[in-house]
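Down below is the structure, laid out as structure tokens.
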Number of protein chains: 2
Amino acid sequence: MARRTDGAKVAYRMLADQLRDEVASDVYAGGRRLPTEAELASSHRVSRQTVRRAMQELVAEGYVYRVPGRGTFAADRKHRYLRQLGSIEDLLNLAVDSELEVVTPLQRRVDIDAASRLRLDSDSLYCLTFRRLHQGAPVCHTSTFHPPAIGRTLTDIPELATVGAKTATTIIGLVEARMDGLIVAADQSITVGRVPPEAAREIQCEPGAPLLRIDRLYYDERDRPVELAINWYNPDMYTYRVRLQRSQHRGTRS
Amino acid sequence: MARRTDGAKVAYRMLADQLRDEVASDVYAGGRRLPTEAELASSHRVSRQTVRRAMQELVAEGYVYRVPGRGTFAADRKHRYLRQLGSIEDLLNLAVDSELEVVTPLQRRVDIDAASRLRLDSDSLYCLTFRRLHQGAPVCHTSTFHPPAIGRTLTDIPELATVGAKTATTIIGLVEARMDGLIVAADQSITVGRVPPEAAREIQCEPGAPLLRIDRLYYDERDRPVELAINWYNPDMYTYRVRLQRSQHRGTRS
DNA sequence: CGTTATTTGTGCGTATGTATT
DNA sequence: AAATACATACGCACAAATAAC
């Protein structure tokens, strides 16, 4: 039943993974042209249809764009920040250039509001509080809440039990690694709120200051909530950015 | 050169359009099962491959989900608010249940900051200010800025020249209709800011109150900025929501 | 300015694998 | 075990856009 995020047996996904890596690692830097479908098909010993299927993925993910009659091109790096917070993968990769520092260790607690948002029967759940540092500076204060069945699987992680411990991970990444299945979706809401005093201390702003509040509720494959994360961002240090695209965007570009 | 958003000549997109309408209009309400690939293929006189291509679109857009061995199902309505602000199409369709009321008519003005964000040589541009009403209540105050070449094409629209005029459109929709080509992308940034006094008056909140500020910079097919929109939302009346999904999400879903 | 070669886009047929019932 | 339904893969033909001649 357990599925892998990596091990892609299927041909088109193996090809997509390889091409994605090559585009990301600037093998085709500066908007260079990729090999044609026919070339990739023969060099990878697959049919042209399989190449096309792989390309579909990369276009959807914003790594490349295609122009009929001209070819396939690596997207500019600045156009690639589509991949910064527009999909689940982006959230899982959030830790690449930031650090998590525990404020309140993982513990069982009662929180009626969080429990109802997690659709729990009881009011008891697991809770963790931390801040996220970017080059040493605190940018965000986060509380995560998990159903008992999920929270239990995190109790053996020493870094989450120690105040002040720093790690380069994301909580949702740890959760997914311990799950039987994948995180497939998250509902995200963004609003403005008055920061609670405990959080204000941690990210060096005045209590009650208006901060950017981003809530995310993550779901597993069976549509069950596995994590509620409440994030407080100081707007002086962080702006939420996404690139929106036309969905069947098959267009000329530059 | 001009392309149509609607006129889908191609078979798979015609099928996708029809199925999307049917799902949206609750023909398959409440998570009902859609016909199988084979059934759709024979009833629409296309190959099963064409049906699959159409389904790929709908899955990507969040209208349906598929389970191997079981079938294709209409997504719950609540899972469909993916289509609320996650793509360019969503922004173009924003007007379906809201109204635009002109505060300051379209006029030529000088704005150094906006001009530089639109990458203009000169500081002169077209500017329009309005508020957006939802069931009569003001939810948002917006200023849009356009390069002279684009703004000029909007000057013949009487609704944009009259203070207090109400229309059920979006500015970016009007712009696209007058363009030679499509809007293909938008960079969006969300932060918190102190509302300027002019805007505060219009949406009934105190000057200097912390509001949700959403900026969007729209691009045409040649990557040229055609509109900068600065939106101020009262967080009591509006929360920005999106559903994030795993990109190649082919999963079981309840 | 048309012609031609290249490259991607669309459409169909078929075979086989895998998940669910 | 069998039937059903979606997933992957390959092959081929032709259309449409682009660029070079």
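Since this is a predicted model, take the numbers as computed values, not measurements. No hydrogens, no waters, no symmetry mates; every other heavy atom, side chains included, goes into these values.
Looking only at side-chain heavy atoms (C-beta outward), A:Thr142 and A:Arg132 stay at 4.5 Å or farther from each other.
The side chain of B:Arg13 sits closest to C:dT10 out of D:dT18, D:dC6, C:dT10. Listed nucleotides C:dT7, D:dT8, C:dT10 differ in distance to B:Arg52; the shortest reach to its side chain belongs to D:dT8. For A:Gln49, the side-chain atoms get nearest to C:dG11 when compared with the rest of D:dC6, C:dG11, C:dT8. Among C:dT14, C:dT8, C:dT21, the nucleotide with an atom closest to any side-chain atom of B:Arg70 is C:dT21. Ranking D:dA9, C:dG11, D:dA7 by closeness to the B:Glu37 side chain, first place goes to D:dA7. Of the candidate nucleotides C:dT8, D:dA7, D:dG11, D:dG11 has the atom lying nearest to any side-chain atom of A:Ser47. Nearest to the side chain of B:Arg33, among C:dG11, D:dA5, D:dA7, sits D:dA5.
B:Tyr65 places its OH atom 15 Å from the C1' atom of D:dA5, with the value rounded to the nearest Å. The nearest whole Å value for the distance from the CZ atom in B:Arg48 to the P atom in D:dG11 is 19 Å. Here the C1' atom of nucleotide D:dA17 and the CZ atom of A:Phe73 are 12 Å apart, to the nearest Å. Between B:Arg53 atom CZ and D:dT8 atom P the separation is 14 Å, expressed in whole Å. Atom CE of B:Met55 is separated from atom C1' of D:dA7 by 14 Å (rounded to the nearest Å). Taking atom CG on A:Leu34 and atom C1' on C:dT7, their separation rounds to 13 Å, with Å as the unit. Between A:Glu57 atom CD and D:dT8 atom P the separation is 9 Å, expressed in whole Å. One can place CZ of B:Arg45 at 16 Å from C1' of C:dG11, the figure rounded to the nearest angstrom.
Under 4.0 Å is where a charged nitrogen must lie from a carboxylate oxygen, and between A:Glu37 and A:Arg66 at least one such pair does.
Pair check for D:dA15 finds C:dT8; Watson-Crick or G-U wobble, both atom distances under 3.5 Å.
Under 3.5 Å, the side chains of B:Glu227 and B:Tyr126 contain no donor-acceptor pair of N or O atoms. For the residue pair B:Asp187 / B:Tyr218, no side-chain donor-acceptor distance below 3.5 Å is found, with atom types taken as modelled.
More than 12 heavy atoms of other residues, nucleotides or ligands sit less than 6.0 Å from atom CG of B:Asp156.
Applying the 4.0 Å criterion to OP1 and OP2 of C:dT8, one finds that A:Thr72 has a side-chain N or O inside that range. Contact check, A:Arg66 against C:dG9: a side-chain N or O comes under 4.0 Å of OP1 or OP2. Of the side-chain N and O atoms in A:Thr50, one or more sit less than 4.0 angstrom from OP1 or OP2 of D:dC10.
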